[in-house]
Amino acid sequence: MTYKNPPTTPRKSATFDDYTLSEIRRAAATGIYDIRGAGAKRKLPHFDDLLFLGASISRYPLEGYRERCDTSVVLGSRYAKKPIELKIPITVAGMSFGSLSGPAKEALGRGATLSGTSTTTGDGGMTEEERGHSKQLVYQYLPSRYGMNPRDLRRADAIEVVVGQGAKPGGGGMLLGQKISDRVAEMRTLPKGIDQRSASRHPDWTGPDDLEIKILELREITDWEKPIYVKVGGARPYYDTALAVKAGADVVVVDGMQGGTAATQEVFIENVGQPTLACIRPAVQALQDLGMHRKVQLIVSGGIRNGADVAKALALGVDAVSIGTAALVALGDNDPRWEAEYNALGTTAGAYDDWHEGRDPAGITTQDPELMKRVDPIAAGRRLANYLKVITLEAQTIARACGKNSLHNLEPEDLVALTIEAAAMAGVPLAGTNWIPGKNGF
Amino acid sequence: MPATKLSKAAQDQASRVFDLDVSSLRELNQALHNLTPGSNETAWEVLHPKGSHSVAVGVDQPVSIDVRGSVGYYCAGMNDGAAITVHGSAGPGVGENMMSGSIVIKGDASQYAGATGKGGLLVIEGNASSRCGISMKGIDIVVHGNIGHMSAFMAQSGNLVVLGDAGDALGDSIYEARLFVRGKVESLGADCIAKEMRPEHIELLQGLLDRAGVTGVKPSEFKRYGSARTLYNFNIDNADAY
């Protein structure tokens, strides 16, 4: 009698999972690393790992829908003659024309204006679509300086010196040739159809001392009217915030690892930078150590999705948040109505991230005239406004439950963490304890 | 040339002269920004700059400005139409992102001269340091002396003329800008090659030399450099070039 070994269940490696295997095969076949848009897709410690402590006896709540909970914020009160006054502490992050279509930029402007907040240009200059439809527009001053000119500087309501981006701190960009329409090529002073590299560093300054002089120049050109933001990728938030303050920033923008991008190497997106949650406490601490908290405003971005995220960020000490990916989704990006077309591109609604290829079925991250027609700027703008109002209401609801008559009165004391990691990163106690890991130092 | 210190009252009387020993940089730039088309105040003089940063930045009217002395960073930044002469040397970033008009530096210029310039003419009668014309986007730059390393890095369009020598990695990752060098080039950067001087280039270069006030020099003494265009679209087989 022969003994037959029982079969074992096939087991796949946790290290070499299906996605990793597919990436190895793709790299071997194509000879190029994967470039994509969107932000980090891996699971990271995030705002979901924090909870609010609503009021009971020890705290006194406000009446939902009845008692006022202020949402307004002033940005740029340090030096600028004309600070930005927003109705809500949620701004729209910089996304370039070229990466986005003209109708999409117009829709962002319409939606933000309806909501009383600002939009931001991107790597590619200022377009009439967004200037014309954005009541308050932040003009990004980027390493590439595509389309940069003093006339648009003066037409802007604020200037954002972009040093880094959360999805790729230290990295430049690449807009592939197929997205370079005549208009994009003209704005960027580059031949049509070639890949357009965006530099990783500014060409005419090299460090914080130079940045201070650069900011002086921008203030002089604009007669000290415009707030100057400095945007950094969330890598060394304590030191970068402190140095931005030293250089004279009115506002510091810290973009965490969950921030989006138009086109960057997958390996970069997933492996460089720190989660947004981990960036806030060091940035706030830097401002507090310098005695500049609330004097230099702090904006945090990267993976903001709902009113709870907004409220948690504000409770940790930021003055406003910024949204990018969520705004695109509100406009209609990755909408299941285009599922068949996403399938034809080898993906599915919710996972489409080849924004650099110019074939976006939703007509948002493309320069294809036919696809662009799918974006109705008025309707899409309305959707963005609805979304912004909803997440503002959500944040207000939470703030009232915590007894706050302003979103800016939320504080770390209102939060606990579900995990030790989140408790350490956010600097709030682990739920059910008074333990804050690492409280005595970073 | 030595500049005479002017009292505030004297400046008020002759409002086109700004003495930075007496008036602030802010007052100077604001006065320049207050100019409107058709203004009679077409000739300006700035005394005692003493290395100040951001002198005469963001000027957008066709006036002439003579700066009597050396300046710090970003002098004439984003100039749009003015004819600005620095009777001294210039610090980093002179004429950065210039749109139109002209800038003449009688002495030397530090790093990043004419960075990202979109138009106009920048003349440096002395030497320029590293990264001259970095990321230039349509500006014309004429340097009477030498230029440092990494000049015209990622230069997109416009013309860079160098009567002297160029440092290492000239024109690295260049796009469509044209580079003309009369002297020695230490080395060329990625994708930058020597190119034939055709009649249209001789004509273009002669025009640039004339506009820059260069005499006694023939275009035939220069070599032309530009993009080999091999890196315009990413290809893994070119990875060694990066």
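Model, not experiment: these values are computed from the prediction. Letters go in sequence order (proteins before strands), and every chain restarts at 1.
Residue A:Arg201 qualifies as open at atom CZ: its count of foreign heavy atoms under 6.0 Å is 12 or below. Summarising the local packing, NZ of A:Lys82 is surrounded by 12 or fewer heavy atoms from other residues, nucleotides or ligands at distances under 6.0 Å. Sparse packing is recorded around NZ of A:Lys295, with 12 or fewer heavy atoms of other residues, nucleotides or ligands lying under 6.0 Å away.
In terms of heavy-atom pairs under 4.5 angstrom with chain A, the leader among B:Gln156, B:Met98, B:Arg131, B:Gln30 is B:Gln156.
Looking only at side-chain heavy atoms (C-beta outward), B:Leu25 and A:Glu220 come within less than 4.5 Å of each other. The closest side-chain heavy-atom distance from A:Leu218 to B:Met78 is below 4.5 Å. Using a 4.5 Å cut-off on side-chain heavy atoms (C-beta onward), A:Leu216 and B:Tyr74 make no contact. Between B:Tyr112 and A:Thr206, some side-chain heavy-atom pair lies under the 4.5 Å cut-off. With a 4.5 Å cut-off on side-chain heavy atoms, B:Lys137 and A:Leu190 do not count as touching. Using a 4.5 Å cut-off on side-chain heavy atoms (C-beta onward), A:Met148 and B:Lys118 make contact. A:Lys214 has its side chain within reach of B:Glu96: a pair of non-hydrogen atoms, C-beta onward, lies under 4.5 Å apart.
Judged by distance alone, the side chains of A:Asp195 and B:Tyr232 never bring a donor and an acceptor atom under 3.5 Å apart.
Separation of atoms OH (B:Tyr73) and CH2 (A:Trp205) is listed at 11.5 Å; rounding is to 0.5 Å. Interatomic distance, CD1 of A:Ile221 versus NE2 of B:His33, reported as 7.0 Å (0.5 Å rounding). Considering CD of A:Glu217 and CG of B:Asn97, their distance stands at 8.5 Å, rounded to 0.5 Å. Going from atom NE2 of B:His53 over to atom CD of A:Glu212 covers 8.5 Å, rounded to the nearest 0.5 Å. Rounded to the nearest 0.5 angstrom, A:Asp204 CG and B:Ser110 OG are separated by 11.5 Å. For the atom pair OG of B:Ser100 and CG of A:Asn149, the computed distance is 11.0 Å after rounding to the nearest 0.5 Å.
A pairwise comparison of heavy atoms in B:Ser135 and A:Ser144 identifies OG-O, 4.1 Å as the closest pair. Between A:Pro191 and B:Glu176, the closest heavy-atom pair is CG-CG, 3.5 Å.
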Donor-acceptor pairs are to be reported for all side-chain atoms of residues 58-67 of chain B against protein atoms at under 3.5 Å, with residues two or more places apart or in another chain.
{"residue": "B:Ser64", "atom": "OG", "partner": "B:Thr42", "partner atom": "O", "Å": "3.4"}
{"residue": "B:Asp66", "atom": "OD1", "partner": "B:His87", "partner atom": "NE2", "Å": "2.7"}

Check step by step if side chain to side chain contact (heavy atoms under 4.5 Å, CB included) holds for B:Tyr175 and A:Ile194. CA-CA 10 Å; B:Tyr175 290 96; A:Ile194 66 168; 3.4 Å; yes

